[in-house]
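Take a look at the structure set out below.
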There are 2 protein chains.
Amino acid sequence: MTLDALPAHQGGAENLARLLARALLTGHWQPGDVFPKELDIGRHFSVSRNQVRNALASLSAAGLLERTAGRGTQVRAMSEWHLLDPLMSEWMTGLINLDPQLVRAIYAFRFSAEPLVAGLAAQAASAEDIARLEAAFEGMQRSAGQPAARHQHTEYDVAFHDVIYQATHNLVWRQMGYLLRPSIMALVHRSQHDIKTLDDSLARHGHVLKAIQVGDATAAETAAREVLRRTAIDLGIVPDTLSDGANLSSSRHM
Amino acid sequence: MTLDALPAHQGGAENLARLLARALLTGHWQPGDVFPKELDIGRHFSVSRNQVRNALASLSAAGLLERTAGRGTQVRAMSEWHLLDPLMSEWMTGLINLDPQLVRAIYAFRFSAEPLVAGLAAQAASAEDIARLEAAFEGMQRSAGQPAARHQHTEYDVAFHDVIYQATHNLVWRQMGYLLRPSIMALVHRSQHDIKTLDDSLARHGHVLKAIQVGDATAAETAAREVLRRTAIDLGIVPDTLSDGANLSSSRHM
DNA sequence: ATTGATAAAATGTCAGACATTTAATAAGCT
DNA sequence: AGCTTATTAAATGTCTGACATTTTATCAAT
């Protein structure tokens, strides 16, 4: 893969890092490939070597690249990526063409974790949390069915899930919710289609809200599971398969 | 807080970053404090400005610091930390004096998540996973009761938990397991005391192993919960309190 | 054919000057 | 006095060129 296929660059090491990261996240390079050298990248985008080095340092920190003095820069496999690095989260925002294997892995995680999280939220949510959750739900209702407000609807949907993670009042789960935002957005983006689907999705979200309002943990769990089942249907995923398909090469990882 | 109270520096930007990160993680600076400026740090440790900048860039990426041109460097609050950043994980390895609030938050997360993870592992574990789990357990047995082998025992204990996360065969949970390693090690390190305690802990681990061996998810869940109850007792933590105590200031975070 | 020295190429490091942002201070005007 | 506006100082950010270090390939000698 060469640099020529990449979009233009708007200046700033962060932008450069995002640009390159997205190319890697969407599979423009294969694991093991040699990445272009610093000077070539700098020449191609007309930026200083400093900017290139800063950008590559970020990609390296996120596990996307491996750099060794004298040898060059190599592309790492997906199993080496630091999926929970906030940088990754930022780079994934707005990405549509995520690797299908990655989408399935993230969905599988959410399917296993989010019911639990909803249960915790039902136990720990404060009045403010519930207010925020209600606001997000009402936003979803208002923007439902209006094709022009589809973007808003997605925002409210993502906010709904985020509030649930925040409402656990646990630092780690909160961090998790923040990190999953872009992934959730990508999933939600793909899973909205006709009116009927949307209506059903809305109803299932409503059940989660109600369960958290009354503090019923087990009800929240099952309701959250139903929301994710709806998502799975829309995405064409079979929710029973919790493993991510990496079993073939999994034995080497540990 | 000044730099004078910090230990000596052995060279390398990564070492410098770890040194400063640990000082921050153990609360040597208060949130909002101004962090020493680049030139002062460089002078104090006799390193170039480059090294200092690289180190501070890492700390900034992990959410420990906030740097703004012209103003300086500020220390951020714990709620802003990127707890799931692999850098954090590395910096926390071997740290004993972790902030108690952070220890509780991490324990609470594990108490909620690890039973679920054990259940997933029971469903998805491969033969190799089970072999690794058995090896870790036997290592724990061998090194039990021998005061000289206490370090080894900790290693096996941590490996035991790690294998469970790996055995889910889900990229996100695997990443999670990798990231929790140092935290688990810190908790395990504190929770081993007399022979009787150790014996009981060993038995509870054995139940988890057996449940995963036979693929019984619900049994694995309850067994994992029992392991964590044992840990909680040893740490003097009440496992019912799942929130992290940050409720007071939680409303501002979202 | 193996070993060893050499050279080339990549990333890593350093030092200095300069740019930019921010905040404090002083000057000047109404 | 009070407000606005230059000026200055101090911090982080950026650029550039040279040099260091590590790795790999090449070639020579035994």
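Hydrogens, waters and symmetry mates play no part in the numbers below; they use all other heavy atoms, side chains included. Order of the sequence lines fixes the chain letters, A, B, ..., with proteins taken first and strands second; residue numbering starts at 1 for each chain.
- Formation of a donor-acceptor pair under 3.5 Å by the Arg150(A) side chain with backbone atoms of His189(A) is found in this model.
- In this view, Asp40(A) and Arg43(A) satisfy the salt bridge (charged side-chain N to carboxylate O under 4.0 Å, His left out) rule, not counting sequence neighbours.
- Only Arg49(B), Arg53(B), listed by number, bring a heavy atom of residues 49-60 of chain B to less than 4.0 angstrom from any atom of DNA chain D.
- No side-chain N or O of Asp157(B) forms a donor-acceptor pair with one of Thr154(B) less than 3.5 Å apart.
- No side-chain N or O of Arg181(A) forms a donor-acceptor pair with one of His161(A) less than 3.5 Å apart.
- No donor-acceptor pair under 3.5 Å is formed between the side chain of Ser60(B) and the backbone N or O of Leu56(B).
- Within a 6.0 Å sphere centred on CD of Glu14(B), heavy atoms belonging to other residues, nucleotides or ligands number 12 at most.
- Taken residue by residue, residues 28-43 of chain B places no heavy atom nearer than 4.0 Å to DNA chain C.
- From the 5' end on, the contacts that DNA chain D makes with chain B at under 4.0 Å to a non-hydrogen atom open and close at dA11(D) to dT14(D).
- Listed by first then second residue, pairs satisfying side chain to side chain donor-acceptor pair (under 3.5 Å) with a partner in residues 86-97 of chain A read Arg18(A)-Glu90(A), not counting sequence neighbours.
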Can you check salt bridge (Lys or Arg N to Asp or Glu O under 4.0 Å) on Glu66(B) and Arg71(B), steps first, answer last?
CA-CA 10 Å; Glu66(B) 178 174 15; Arg71(B) 203 146 68 89; 5.2 Å; no

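- Using modelled atom types and a 3.5 Å distance limit, the side chains of Tyr165(B) and Glu114(B) yield a donor-acceptor pair.
- With His82(A) contributing its side chain and Ala61(A) its backbone, the two residues share a donor-acceptor pair below 3.5 Å.
- Using a 4.5 Å heavy-atom cutoff, the side chains of Leu25(B) and Trp81(B) are in contact.
- Near DNA chain C, meaning a heavy atom under 4.0 Å from it, residues 61-74 of chain B has Ala69(B), Gly70(B), Arg71(B) in order of number.
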Quick one: do Arg142(A) and His153(A) satisfy side-chain hydrogen bond (donor to acceptor under 3.5 Å, both in side chains)? Show the steps, please.
CA-CA 8 Å; Arg142(A) 273 200 310 276; His153(A) 185 82; over 6 Å; no

